[in-house]
Amino acid sequence: ATISGQVLRVNYTRGFLYIIDTVFAQDLDVFLSYEDDPGYFDRVRTIYDGTFAFPNLIKGNYSVFVYQDDIHGGSEEVPVKEIINVNALNGNFDAGIMYRAVED
């Protein structure tokens with residue numbers, strides 16, 4: 001099975017007051033974890049249009065995540081997560097569009 005999706009970068013002004021623009025998140029790390037594992041077992045980078053894919057997956061529940069700036073003022077990046085249930089070995093599963101907030 002394959003999980004794929006797209007990441008868009010949402011650029012905010014300082015303090016996350018206003019959105020400046022939204023663009024494709026190029027060359028961004030996307031992480032994949034299996035079931036309840038607190039770590040990740042695979043990482044890929046997005047291509048020019050923000051898309052990514054994790055091929056050759058077995059059945060189970062996966063977390064697909066990227067890190068973004070903390071819009072609540074914290075100093076560390078926080079994960080943006082999608083949970084995907086892979087219930088067929090030959091299926092294509094869509095993680096959808098994930099939005100990554102960045103303070104400019």
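Heavy atoms only: backbone and side chains are in, while hydrogens, waters and symmetry mates are out.
- Judged by distance alone, with hydrogens and angles left aside, the side-chain atoms of Arg45 form no donor-acceptor pair with the main-chain N or O of Asp29 at under 3.5 Å.
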Problem - Test ring pair (Phe, Tyr, Trp, His ring centres under 6.0 Å) applied to Phe31 and Tyr67, step by step - result: CA-CA 9 Å; Phe31 302 92; Tyr67 287 96; 5.6 Å; yes
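- Linking ILVMFWY residues whenever their side-chain heavy atoms come closer than 4.5 Å, directly or via other members, leaves Phe93 and Leu89 in distinct clusters.
- Counting all heavy atoms, side chain and backbone alike, Glu77 lies closest to Asp69 at OE2-OD1, 3.7 Å.
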Practice task
Give the C-alpha distance, both sets of side-chain angles, the deciding distance and a yes or no for side-chain contact (heavy atoms from CB on, under 4.5 Å) between Val64 and Phe52.
Solution key: CA-CA 11 Å; Val64 178; Phe52 64 88; 3.8 Å; yes
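- The shortest non-hydrogen separation linking Val30 to Phe54 is O-CZ, 3.4 Å.
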Practice task
I would like to know whether Tyr62 and Leu57 meet side-chain contact (heavy atoms from CB on, under 4.5 Å); could you show each step before the answer?
Solution key: CA-CA 10 Å; Tyr62 291 86; Leu57 301 174; 3.6 Å; yes
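- Counting only distance, with no hydrogens or angles, the side chain of Thr2 and the backbone of Asn92 share no donor-acceptor pair below 3.5 Å.
- Counting heavy atoms of neighbouring residues, nucleotides and ligands inside a 6.0 Å radius, atom CG of Asn85 exceeds 12 of them.
- Clustering ILVMFWY residues whenever any of their side-chain heavy atoms sit less than 4.5 angstrom apart, transitively, puts Val7 in a cluster other than the one holding Val23.
- Taking CD1 of Ile83 as the reference point, atom NZ of Lys81 lies at 6.0 Å (rounded to 0.5 Å).
- Separating the OH atom in Tyr12 from the CD1 atom in Ile20 is a distance of 10.5 Å, to the nearest 0.5 Å.
- Shown here for Ile84 and Ala95, the closest heavy-atom pair between the two residues is CD1-CA, 3.7 Å.
- Proximity of a side-chain donor or acceptor of Glu103 to a complementary backbone N or O of Gly15 within less than 3.5 Å is detected.
- In this structure, Ser33 and Phe65 have side chains that are in contact, with non-hydrogen atoms separated by less than 4.5 Å.
- In the hydrophobic clustering of ILVMFWY residues, with side-chain heavy atoms under 4.5 Å counting as a link, Ile47 and Val44 come out apart.
- Here the straight-line distance linking atom CZ of Arg100 with atom OG1 of Thr46 works out to 9.0 Å at 0.5 Å rounding.
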Exercise for the section: Apply side-chain contact (heavy atoms from CB on, under 4.5 Å) to Leu32 and Ile3, showing your working. Expected result: CA-CA 10 Å; Leu32 185 69; Ile3 294 175; 4.3 Å; yes
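- Here the closest heavy-atom approach between residue Phe16 and residue Asp70 is recorded as CE1-O, 3.5 Å.
- Residue Ile19 holds its CD1 atom at 12.0 Å from CG of Asp104, rounded to the nearest 0.5 Å.
- In terms of heavy-atom proximity, Val66 sits nearest to Met98 at N-CE, 4.1 Å.
- Closest non-hydrogen pair, Val102 versus Arg9, comes out as CG1-NH2, 3.4 Å.
- Other residues, nucleotides and ligands place more than 12 heavy atoms under 6.0 Å from the CD atom of Glu35.
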Exercise for the section: Determine, stepwise, if the pair Phe24 / Gln6 fulfils side-chain contact (heavy atoms from CB on, under 4.5 Å). Expected result: CA-CA 8 Å; Phe24 297 131; Gln6 185 179 39; 3.3 Å; yes
